[in-house]
Every structure is written in C-alpha cells, then in structure tokens.
Asker: 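Handing you a structure now.
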2 protein chains.
Amino acid sequence: MANKQASLDLVFAALSDATRRAIVMRLCREPASVSELSKPFAMAMPTLLQHVRVLETSGLIQTEKIGRVRTCSLRAEVMAATEQWLALQRTVWAQRLDRMESYVYELQATEMKHVKRKRKGKQ
Amino acid sequence: MANKQASLDLVFAALSDATRRAIVMRLCREPASVSELSKPFAMAMPTLLQHVRVLETSGLIQTEKIGRVRTCSLRAEVMAATEQWLALQRTVWAQRLDRMESYVYELQATEMKHVKRKRKGKQ
DNA sequence: GAGTTAGTTAGTCGTATGGCTAACAAACAA
DNA sequence: TTGTTTGTTAGCCATACGACTAACTAACTC
C-alpha cells in the first residue's frame with residue numbers, strides 16, 4: 001500500500017490513450033527507462049514523458065531516477081483495483097439478471113395460466 | 001454481438017468521469033430514462049444528455065426512444081470486454097512475477113554459494 | 001574538458017471536454 | 001387547444017489535452 005492515492009477518474013483517463021496503454025502493457029513485462037519506453041513510438045521525448053507523468057499521477061506506475069536514468073514500473077495494485085471496480089458493476093448487473101430471470105419465470109407462469117384459460121375458452 | 005464497435009479509447013474515456021460512472025452504476029441495476037438518470041445530479045439536462053451520448057458512442061450503453069422518452073440500458077458485453085483487457089495485463093504481470101521468482105531463486109542459490117565462500121574465507 | 005546521452009522545462013498551438021443558457025420540437029394530458 | 005413534460009439543438013465559455021520545438025541540466029564516457 002504505497003502513499004499515492006489513485007482516483008478512478010485519473011486511472012481511467014490515463015488508460016483512455018492508446019500510447020499510455022501500450023506503455024502499461026510494456027511495463028507489465030518488466031520495468032523500463034523512459035527512453036526504452038519511447039523507442040516504439042514516433043513521438044518526441046517530451047511528449048512521451050508527459051504520458052509517463054500522466055500514468056504516474058494516476059498511480060498506475062511509479063518511477064525512480066537513478067543517475068540520469070528514470071526507471072518506470074507498474075503498480076499492479078492500482079490495475080487490480082480498477083479491474084475490481086468493473087467486476088463490482090458486473091456483480092450488480094448479475095443480480096439484476098437474477099431478478100429479471102425470476103420475473104420472467106413469474107411472467108411465464110402467469111402467461112401459462114392465460115394460455116390455459118384461452119385454450120379453455122376457445123375449445 | 002451488436003453492430004456498434006467499442007474502442008478501448010472511448011470506453012476508458014467514458015469511464016474517466018464520475019458522473020458517467022454513476023450513470024453506469026445506475027444502469028447496472030436497471031434501464032432508465034434520461035430524466036430519471038438526471039435526478040441525482042445538480043446538472044442541466046443538456047449536460048447530462050451529453051454524458052449519455054458519450055456513453056452511447058463508447059458502446060457502454062444503448063438507448064432507444066419511444067414516444068418522448070429515451071430509455072438507456074447497459075451493454076454488459078462492453079463492460080466485460082474492458083474488464084478483460086485489464087485481466088489480460090494482469091496475466092502478463094503474473095507471468096513476469098513467475099519469471100522473477102525463478103530469477104530470485106537462482107539468485108538465492110548463487111548467493112548461498114557466495115555466503116558459503118565468504119564464511120569459508122572469513123573463518 | 002569536450003562530447004554524448006537521458007531527461008527535463010518552458011512555451012506554443014489546435015482540438016476536445018464539460019459546463020452553461022436559450023430556444024425549439026414532439027408527445028402526452030386536461 | 002392549450003399546457004406540461006421530455007428531450008434536443010445551437011452556441012458560448014473556460015479549461016484540459018496531446019502534440020510540437022527549442023533550449024537547458026545533469027550524468028556518464030573518452
């Protein structure tokens with residue numbers, strides 16, 4: 001539990017950019033320096049650094065500068081927490097489906113009666 | 001599988017706003033009209049409608065207008081797909097940890113030798 | 001000490017975002 | 001038919017975002 005707070009606002013905003021998601025994917029493999037991260041992108045260094053800053057203030061990554069090299073690494077807890085938010089919504093959704101299901105069941109039961117009545121009436 | 005494509009860019013951007021997340025949470029329970037959605041917020045209707053549009057173009061929700069009422073409902077598949085992206089990253093991360101673990105194991109083994117040597121030397 | 005590498009800061013630019021008001025349209029209610 | 005409700009469009013505004021260049025610092029290398 002590091003000190004940095006990670007609001008969902010900042011985390012989702014950080015993940016809304018393809019470049020930043022690519023950085024996250026890269027850092028899932030292993031930590032990397034800023035210039036290593038910049039290699040795959042046709043992008044000026046300051047621009048990439050800005051992305052790194054966004055990821056850092058979101059809490060998704062942390063960085064440490066040793067000598068002239070800044071090494072970036074993922075903070076998996078924040079990734080996990082974000083995933084959990086989505087999972088929680090799914091839970092609520094699932095509960096709703098359960099309710100729906102029982103409702104449909106009720107409905108079918110009622111309709112059966114109707115059908116029976118109709119049939120009785122018709123025949 | 002509905003026709004609407006949902007890019008991660010748009011989905012994460014949509015989820016980066018607290019108002020829109022609240023709407024999503026609300027719609028997890030059950031579908032709702034635009035004015036129902038607007039009730040909890042101190043926000044002009046056009047502003048809220050804009051949020052609804054953002055959610056819709058992201059694919060997270062779908063809407064249907066009947067009479068003068070537009071009913072909004074969640075598209076759970078898109079939520080699930082987003083969650084899966086995060087889960088995938090976690091997988092990569094986990095694999096990395098496995099590699100790390102074996103590396104640390106190797107390291108420890110090597111250090112043991114060192115320690116042994118050192119002890120031999122020292123004593 | 002001079003050059004190279006790695007990162008950083010400052011400043012610019014165009015576009016996107018999130019909020020607002022005012023005014024309009026269409027559907028329903030009396 | 002006259003209101004009321006429910007959305008919708010248009011236009012405004014301030015701020016934030018993502019990109020760039022230019023110039024600078026600090027740390028290694030020779």
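Lettering of chains follows the sequences in order, A, B, ..., and the numbering in each one begins at 1.
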Asker: Keeping the roles fixed (side chain from B:Arg21, backbone from B:Leu15), state whether a donor-acceptor pair exists under 3.5 Å.
Answerer: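 Side chain of B:Arg21 to backbone of B:Leu15, a donor-acceptor pair under 3.5 Å: yes, one is there.
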
Asker: Test of understanding: with side chain to side chain contact (heavy atoms under 4.5 Å, CB included), list the residues that count as partners of B:Arg68, not counting sequence neighbours.
Answerer: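 Residues passing side chain to side chain contact (heavy atoms under 4.5 Å, CB included) with B:Arg68: none at all.
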
Asker: To the nearest angstrom, how far is A:Glu64 atom CD from C:dA6 atom P?
Answerer: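 About 18 Å, once rounded to whole Å.
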
Asker: Sequence neighbours left out, what passes side chain to side chain contact (heavy atoms under 4.5 Å, CB included) with B:Ala80? Give chain and number order.
Answerer: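 None.
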
Asker: Extract from the structure each pairing of a protein N or O with an N or O of nucleotides 16-20 of chain D at less than 3.5 Å, listing the distance.
Answerer:
from: D:dG18; atom 1: OP1; to: A:Arg20; atom 2: NH2; distance (Å): 3.0
from: D:dG18; atom 1: OP2; to: A:Arg20; atom 2: NH1; distance (Å): 3.1
from: D:dA19; atom 1: OP2; to: A:His51; atom 2: NE2; distance (Å): 2.2
from: D:dC20; atom 1: OP2; to: A:Ala44; atom 2: N; distance (Å): 3.1
from: D:dC20; atom 1: OP2; to: A:Thr47; atom 2: OG1; distance (Å): 2.7

Asker: How many whole angstroms separate atom CZ of B:Arg70 from atom C1' of D:dT8?
Answerer: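 One finds 9 Å between C1' of D:dT8 and CZ of B:Arg70, rounded.
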
Asker: Can you name the atoms? Protein N/O to nucleotides 12-16 of chain C N/O, anything below 3.5 Å, with the distance.
Answerer:
none

Asker: Does A:Glu56 offer a backbone N or O that forms a donor-acceptor pair with the side chain of A:Arg75 under 3.5 Å?
Answerer: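 No, the answer is negative, given that no donor and acceptor are paired below the 3.5 Å cut-off.
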
Asker: Applying ring-ring contact (aromatic ring centres under 6.0 Å, His included), can you list everything that pairs with A:Trp93, at least two apart in sequence or on another chain?
Answerer: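 Per chain and number, A:Trp93 pairs via ring-ring contact (aromatic ring centres under 6.0 Å, His included) with no residue.
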
Asker: Going by the rule side chain to side chain contact (heavy atoms under 4.5 Å, CB included), which residues pair with A:Glu83 if we only count those two or more places apart in sequence or in a different chain?
Answerer: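 Partners of A:Glu83 under the side chain to side chain contact (heavy atoms under 4.5 Å, CB included) test: B:Glu83, B:Leu86, B:Ala87, B:Arg90.
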
Asker: What integer distance in Å separates B:Arg53:CZ from C:dG19:P?
Answerer: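 My rounded result for the distance is 16 Å.
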
Asker: Measure the distance from CG on B:Leu55 to C1' on C:dT17 and round it to the nearest whole Å.
Answerer: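 So the CG-C1' distance, B:Leu55 to C:dT17, works out to 14 Å.
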
Asker: For B:Leu37 and D:dT6, give me the distance from atom CG to atom P, rounded to whole Å.
Answerer: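 Distance, rounded to whole Å: 13 Å.
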
Asker: Counting only side-chain N and O atoms of B:Ser35, is one of them less than 4.0 Å from OP1 or OP2 of D:dT5?
Answerer: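 No, B:Ser35 has no side-chain N/O under 4.0 Å of OP1/OP2 on D:dT5.
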
Asker: All N/O contacts under 3.5 Å from nucleotides 24-27 of chain D to the protein, with atom names and distances to one decimal?
Answerer:
from: D:dA27; atom 1: N3; to: A:Arg68; atom 2: NH1; distance (Å): 3.3

Asker: To the nearest 0.5 Å, what is the distance between CD on B:Glu77 and CG on B:Leu60?
Answerer: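 Separation between the atoms: 10.0 Å.
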
Asker: Take the protein atom CD of A:Glu36 and the nucleotide atom P of C:dT5, then report the distance between them rounded to whole Å.
Answerer: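 Value for this atom pair: 16 Å.
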
Asker: Applying side-chain contact (heavy atoms from CB on, under 4.5 Å), run through B:Met25 and A:Leu88 and close with a yes or a no.
Answerer: CA-CA 9 Å; B:Met25 292 170 79; A:Leu88 175 63; 5.6 Å; no

Asker: Please determine if a side-chain N or O atom of A:Lys65 lies less than 4.0 Å away from the OP1 or OP2 oxygen of C:dT8.
Answerer: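 Result: yes.
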
Asker: Are B:Leu48 and B:Val69 joined in one hydrophobic group, where the rule is that I, L, V, M, F, W and Y side chains link up if heavy atoms are under 4.5 Å apart?
Answerer: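 In one cluster: no.
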
Asker: Return the set of residues passing salt bridge (charged side-chain N to carboxylate O under 4.0 Å, His left out) with B:Arg29 (not counting sequence neighbours), or none when no residue passes.
Answerer: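 Testing B:Arg29 for salt bridge (charged side-chain N to carboxylate O under 4.0 Å, His left out), a comparison that skips the adjacent residues, returns none.
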
Asker: Which pairs pass ring pair (Phe, Tyr, Trp, His ring centres under 6.0 Å) with one or both residues in residues 66-89 of chain A, sequence neighbours excluded?
Answerer: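 For residues 66-89 of chain A, and leaving out neighbouring residues, the ring pair (Phe, Tyr, Trp, His ring centres under 6.0 Å) pairs sorted by first residue read A:Phe12-A:Trp85.
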
Asker: For residues 32-44 of chain B, tabulate all N or O donor-acceptor pairs below 3.5 Å that involve a side-chain atom, not counting sequence neighbours.
Answerer:
from: B:Ser33; atom 1: OG; to: B:Ser35; atom 2: OG; distance (Å): 3.4
from: B:Ser33; atom 1: OG; to: B:Glu36; atom 2: N; distance (Å): 3.2
from: B:Ser33; atom 1: OG; to: B:Glu36; atom 2: OE1; distance (Å): 3.4
from: B:Glu36; atom 1: OE1; to: B:Ser33; atom 2: N; distance (Å): 2.8
from: B:Ser38; atom 1: OG; to: B:Ser35; atom 2: O; distance (Å): 2.9

Asker: Find the runs of at least 3 consecutive base pairs, i with j, i+1 with j-1 and so on, that include DNA chain C, using Watson-Crick or G-U wobble geometry with both distances under 3.5 Å.
Answerer: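 In DNA chain C, stems of three or more pairs: C:1-30 with D:1-30.
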
Asker: Test of understanding: with side chain to side chain contact (heavy atoms under 4.5 Å, CB included), list the residues that count as partners of B:Ser73, not counting sequence neighbours.
Answerer: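 So B:Ser73 forms a side chain to side chain contact (heavy atoms under 4.5 Å, CB included) with B:Pro31, B:Gln62.
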
